[in-house]
J.: 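Okay, here's the structure, questions in a sec.
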Amino acid sequence: RQMCIRDSAVTVRAVLPEDAGEAVLVAAVMRGDTLVSAACTRAENGAAQAELTPPDGAAQDEYVMRAFLWDAELRPLTPVYELQQPPKSAAAAHPNSGKYFSYLFASWDRGRLSESQETLTAAVQSYLNMDEAAFVEYARGEAAKATHLNSRPNVEILAQRMCLLYRKTGNSLAARRAAIAMYQMAAHYPSVSKTVSGSSFNAYGSCLPVSCVYGYDSIYGADEVWQQLFDETGDNYQAVIEQWFRSALDDYHTYYDGMFFGNVTPYGIKNAVGTAIVLNDPDRIRQYLAWADRLMTGAFYHSDGMWGEGTVDYHTVTYNNIGELINLLSTCYTDPPDYPGERIDYRNLRSRWPMLTEAGKIPNLLKFPDGRKIAVNDTGFEDPDTKRADDPILASHLGNIELNHFGFYALTRGDTSDAAQISLSMNPQAEGLPYSGGHYHANQLGITLWGGGIEVLPDAGYPYERRSNGMFPVSYTHLRA
């Protein structure tokens, strides 16, 4: 058996055939036909194991390990070989202590990270009480429920909670059961369809097992657990789990690369970059930074900084998620010292995307004089019952608004004692590519009038009550001059 090795030690373990007698395992590191180093060990208790370390700085795929097993008469045996290689992530610190490591999750998935010991224990205790064989079958059955890239069986959250419990208490059984659950998910992954179930657009943020990624990072240092599992099974659980993560990253990229990006895409980019951080994989980080590079261009943003879907809310979602991506990388990752490619200054990513500067102005610019956001297109409006004519008028929002590429203009008059604003929406791309996401109202020359603390004439496409829509049907172009 042979395998390519990198710059860390590799262990080969041979399980002897049942009828084998005495045997010797010989393992060698080769560069071409040249012997670099070798190790020889006698089999004991039905198995033999040898460890080799390639020369310092060995390039990936440059050196090969070969292993041979002979009996006492130098006849070759046919054992089951198990090749163990310390994962690439071994060079990174685990668990990741970066301030914003939680940003690999969407905001609504971060709650579990702050669950108390009591809450975590209550959630996992019944599974810790199970006979291990029964738990393995349970985890295998749960793993089999994953049918597509965006299938996320409940066992992934269970494994994460077990890992969090280990992190809080050092409960090694919790770490062991989590490792077993993740191993079963990894073993099943090759059977998963490398497509998504349902809408491709909505699946961007659910194609990667980030609950397990975070959990794995939390139990990475449970050396006794990993060693026990290796000794018992002959399988390197860490290597299998990390290969699952790598394969998921590659399959996700293959499926989505080149597709049209939307406001959910940055969730997926954060998921992917966070996974690559745990794997200490600078090449895969760059794969997904290329997605962010593409997103932060005129292909998806108007030149005046407005997000291509034309709403304040979705603009803010996208802008904030790119900001979280920057914080995730700047506080949680640096390229390995020996990385052969061009190094990236992750603490200066904002300069990589000049569009961020203009985009950052939009949320504060599209405001009525009282500081409430202008509900243009699919922007959520604020309940009129919360507004009053005597609400404060803010001097900072008494200026005019001019967004030429987005096609939005507002004239404001008055002062902090009384003010009015009238705006005109004439989005040139509202009914055609490239900015024809489903959040425009196609209301060219739509007028919004604000005064007396309220929208007297609102954007006619967003009122959701029937009495409003009866007056301004959303299926028509509104208020066309």
J.: Are the aromatic ring centres of Phe101 and Tyr214 under 6.0 angstrom apart?
T.: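 Between Tyr214 and Phe101, which both carry aromatic rings, the centre distance is below 6.0 Å.
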
J.: Test the Lys194-Tyr189 pair against the cation-pi criterion, namely NZ or CZ under 6.0 angstrom from the six-membered ring centroid and within 45° of the ring axis.
T.: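 Positive - Lys194 is close enough to the ring of Tyr189 and near enough to its axis.
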
J.: Tell me, with the steps shown, if Asp370 and Arg372 meet salt bridge (Lys or Arg N to Asp or Glu O under 4.0 Å).
T.: CA-CA 6 Å; Asp370 63 354; Arg372 299 174 192 255; 3.1 Å; yes

J.: Salt bridge (Lys or Arg N to Asp or Glu O under 4.0 Å) for Arg352 and Asp345? Distances and angles first, verdict last.
T.: CA-CA 10 Å; Arg352 183 184 181 101; Asp345 181 4; over 6 Å; no

J.: Evaluate the criterion salt bridge (Lys or Arg N to Asp or Glu O under 4.0 Å) for residue pair Asp335 and Arg286; output intermediate values, then yes/no.
T.: CA-CA 11 Å; Asp335 285 331; Arg286 282 160 172 76; 2.6 Å; yes

J.: Checking side-chain hydrogen bond (donor to acceptor under 3.5 Å, both in side chains) for the pair Tyr409/Asn404: CA distance, chi angles, key distance, verdict?
T.: CA-CA 8 Å; Tyr409 307 88; Asn404 289 304; 3.2 Å; yes

J.: Rounded to the nearest 0.5 Å, what's the gap from CG on Asn236 to CD on Glu242? Could you check?
T.: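 Asn236 atom CG to Glu242 atom CD measures 8.5 Å (nearest 0.5 Å).
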
J.: As a quick check of understanding, evaluate side-chain contact (heavy atoms from CB on, under 4.5 Å) for Leu325 and Ile269, giving each step before the final call.
T.: CA-CA 8 Å; Leu325 172 67; Ile269 297 175; 3.8 Å; yes

J.: In this structure, is the centre-to-centre distance between the rings of Phe300 and Phe260 below 6.0 Å?
T.: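 Yes, close enough.
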
J.: Would you please indicate if the ring centroids of Phe245 and Tyr216 are separated by under 6.0 Å?
T.: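 Between Phe245 and Tyr216, the centre distance is under 6.0 Å.
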
J.: Please report whether the ring centroid of Tyr333 lies less than 6.0 Å from that of Tyr346.
T.: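 Centroid distance Tyr346-Tyr333: below 6.0 Å, so yes.
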
J.: Run the ring-centre check on Phe368 versus His397 and record whether the distance is less than 6.0 Å.
T.: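 When the ring centroids of Phe368 and His397 are compared, they turn out to be at least 6.0 Å apart.
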
J.: Can the ring centroids of Phe230 and Tyr237 be said to lie less than 6.0 angstrom from one another?
T.: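 No, the ring of Phe230 stays outside the 6.0 Å limit from the ring of Tyr237, centre to centre.
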
J.: Measure the CD1-CE distance between Ile241 and Met185 for me, rounded to the nearest 0.5 Å.
T.: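 Going from the CD1 atom of Ile241 to the CE atom of Met185 covers 11.0 Å.
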
J.: Apply side-chain contact (heavy atoms from CB on, under 4.5 Å) to residues Leu356 and Ile326 and explain how you reach the verdict.
T.: CA-CA 11 Å; Leu356 275 175; Ile326 291 171; 3.6 Å; yes

J.: Enter the distance from Glu115:CD to Arg161:CZ here, rounded to the nearest 0.5 Å.
T.: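 Between Glu115 CD and Arg161 CZ, I get 4.0 Å after rounding to 0.5 Å.
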
J.: Would you call Ser396 and Lys367 a side-chain contact if the rule is heavy atoms closer than 4.5 Å?
T.: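 No, every pair of side-chain atoms sits at 4.5 Å or beyond.
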
J.: If you draw a 6.0 Å radius around CD in Glu342, do more than 12 non-hydrogen atoms from other residues or ligands fall strictly inside?
T.: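 Atom CD in Glu342 is not crowded, with 12 or fewer foreign heavy atoms closer than 6.0 Å.
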
J.: With rounding to the nearest 0.5 angstrom, report the OG1 to CG distance, Thr121 to Leu165.
T.: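 Those atoms lie 4.5 Å apart.
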
J.: Verify whether the ring centers belonging to Tyr301 and Trp307 lie closer than 6.0 Å.
T.: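 Here the rings of Trp307 and Tyr301 have centres that are less than 6.0 Å from each other.
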
J.: Do Arg177 and Tyr127 meet the cation-pi criteria used here (NZ or CZ under 6.0 Å from the six-membered ring centre, within 45° of the axis)?
T.: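 No.
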
J.: May I ask you to decide if the ring planes of His94 and Tyr220 are parallel, tilted or perpendicular, using 30° and 60° as cut-offs?
T.: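 Correct class here is parallel.
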
J.: Below 4.5 Å, heavy atoms only, C-beta onward: do Tyr138 and Val155 meet side chain to side chain?
T.: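 Tyr138 vs Val155: side chains touch.
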
J.: Can you find a heavy atom in the side chain of Gln117 that is under 4.5 Å from one in the side chain of Leu120?
T.: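 No, side chains not in contact.
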
J.: Rounded to the nearest 0.5 Å, what separates atom OG in Ser303 from atom CD in Glu358?
T.: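 Ser303 OG to Glu358 CD: 9.0 Å, rounded to 0.5 Å.
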
